[in-house]
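Written out below as structure tokens is the structure these notes cover.
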Protein chains: 2
Amino acid sequence: MMTAAKTPRFDIVGQALSDASRTRMLCELMDGRAYTNKELASAAGVTAQTATAHLRLLQNADLIVAEKRGRCVFNRLANEEVARMLEQLAVIAPSSSLHHVQRRKAGEIAQVRSCYDHLAGPLAVAMTEQFLARGLLREENGAFAVRPGEEWQKLGVTLPQKLGRQPFARPCMDWTERKLHVSGPLGKQVLSHALERGWMQRNTHKRGLTLTGPGRRALQEILDLNCGELINA
Amino acid sequence: MMTAAKTPRFDIVGQALSDASRTRMLCELMDGRAYTNKELASAAGVTAQTATAHLRLLQNADLIVAEKRGRCVFNRLANEEVARMLEQLAVIAPSSSLHHVQRRKAGEIAQVRSCYDHLAGPLAVAMTEQFLARGLLREENGAFAVRPGEEWQKLGVTLPQKLGRQPFARPCMDWTERKLHVSGPLGKQVLSHALERGWMQRNTHKRGLTLTGPGRRALQEILDLNCGELINA
DNA sequence: AAATCCCTTCGATGCAGAACGAACTGTAAT
DNA sequence: ATTACAGTTCGTTCTGCATCGAAGGGATTT
């Protein structure tokens, strides 16, 4: 049975987010990969015992899930909603250094990076703008409606039979660009296809990605994107 | 060489969200309207002193903004991004999965409502504009000067002998319209008269009001107001 | 078997902050 | 002028919890 219209318990999640050690761990997890207890302890700058307590708390708040493998425990974000919530949180959360400086400093932040399981950053924003300009996507009251097009196939996207029903493409706010890019199953397919084809490679330990020559050419050909303007490396 | 940590400080916002009293207040504010300290204290179930501390904390986290007006302090969400973040948070937060949080979209908030003891909302704003256009009110350095007129009588307003002495009509900022409407004794008389005559009725629970047929006709006749344009119910 | 490593549990410590009563400031009503 | 009311400040109490040292389990290696 459900209780009568009670207020959402923001405080339970907020409690989990209220400690700097825990949020440092979450930032580490935002690339969608799994990290061990020890790695996250090191990222947060605390001992393993303390990390254990933190990770249990994050688990109880359903922000992460843990998987035991041998003597290690792999932790990852519980689901995409958690990642989206964190991205939205980043829009309003103050940063250790200045936001504006971050954006302008070339190369300090990866121009191409992943956001949980999909592309983010200027490249993702530019691609999304192309999708919208070509009528492949339409923004409809805060959601993305997907229209068929040969570009999807070239990007490795398999469209579902029934378009427009489920959230196949979701708008996701990029916190450095403050513009929309595509998440959801569509965004996920685009990234995994790009990684398979060697269009880009994951950097060490972070969400950064490196766009390769073939990737540059592929995006130029499929979407007429001039990646040289975006990534001045 | 690792650059200095530039991770977003999720914990600062999380800290603000970590207390149930504060999140109850935020839930109350999610309709986009402004509430006083006391109202929020009551919504959170704490005393006024405690609410003061909470509200200051929320201000420092840039989640809300406060504006002093008279002896009251009106608090509202700082911006649209905060509302979006809270909505995204509601997706994660327990016990919120079914009840979609009511955030202000166009026309979602009562078009006719009360603000303590006087009318507010688009209807009140439209009436005030009529008062000004007909010369019944004049804005003088931030205050309303009242001029005599037969409309006042028809609206149930008894003017005091000495006009202009004390603030008989005060300008009151409507938070959703961002325009002025009339408070003070004059606004109070208008509302109580309208309720007496059955021009409108109080809704359950909130400050919402329902404009009745006779009320619609009365306002049409007295002020030439077309209420149909305002209230699309 | 012993050694090593990852993680957890337990206990102690110390700090942060949520709550309210009492008292105070300033504004509005009568 | 007096009263009532909204909000704040201060001091106190009490609970929660982040942290680490020490010690214990379980898995893998030597």
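In what follows, every chain begins at residue 1, and chains take the letters A, B, ... in the order their sequences are listed.
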Sidechain N-carboxylate O distance under 4.0 Å for Glu81(A), Arg84(A): yes

field: Distance in Å, Arg56(A) CZ paired with Ile64(A) CD1, rounded so as to fall on 0.5 Å steps
entry: 11.5 Å

- prompt: Quick one: are Val73(B) and Thr36(B) in side-chain contact, heavy atoms under 4.5 Å?
  reply: no

task: Would you kindly check whether a donor in the side chain of Arg71(A) faces an acceptor in the base of dC7(C), or vice versa, at under 3.5 angstrom?
output: no

query: Is it true that the side chains of Asp11(A) and Ser18(B) contain a donor and an acceptor less than 3.5 Å apart?
result: no

task: Between Arg69(A) and Asn75(B), just flag the one whose closest nucleotide in DNA chain D comes earlier from the 5' side.
output: Asn75(B)

query: Near Arg197(A) CZ, under 6.0 Å, is it more than 12 heavy atoms from other residues, nucleotides or ligands?
result: no

- prompt: Would you say Gln88(B) and Glu87(A) make side-chain contact, with heavy atoms under 4.5 Å?
  reply: no

- prompt: Reading nucleotides 9-20 of chain C 5' to 3', which nucleotides get B (base under 4.0 Å from a protein heavy atom), which S (sugar-phosphate only), which -?
  reply: B-------SSSB

- prompt: What residue pairs, at least two apart or across chains, pass ring pair (Phe, Tyr, Trp, His ring centres under 6.0 Å) with a residue in residues 63-94 of chain A?
  reply: none

Chain B footprint on DNA chain D, 5' to 3' - any atom under 4.0 Å from a heavy atom: dA4(D) to dT9(D)

message: Taking atom CD as the centre, does Glu151(B) end up with more than 12 heavy-atom neighbours from other residues, nucleotides or ligands that are less than 6.0 angstrom away?
response: yes

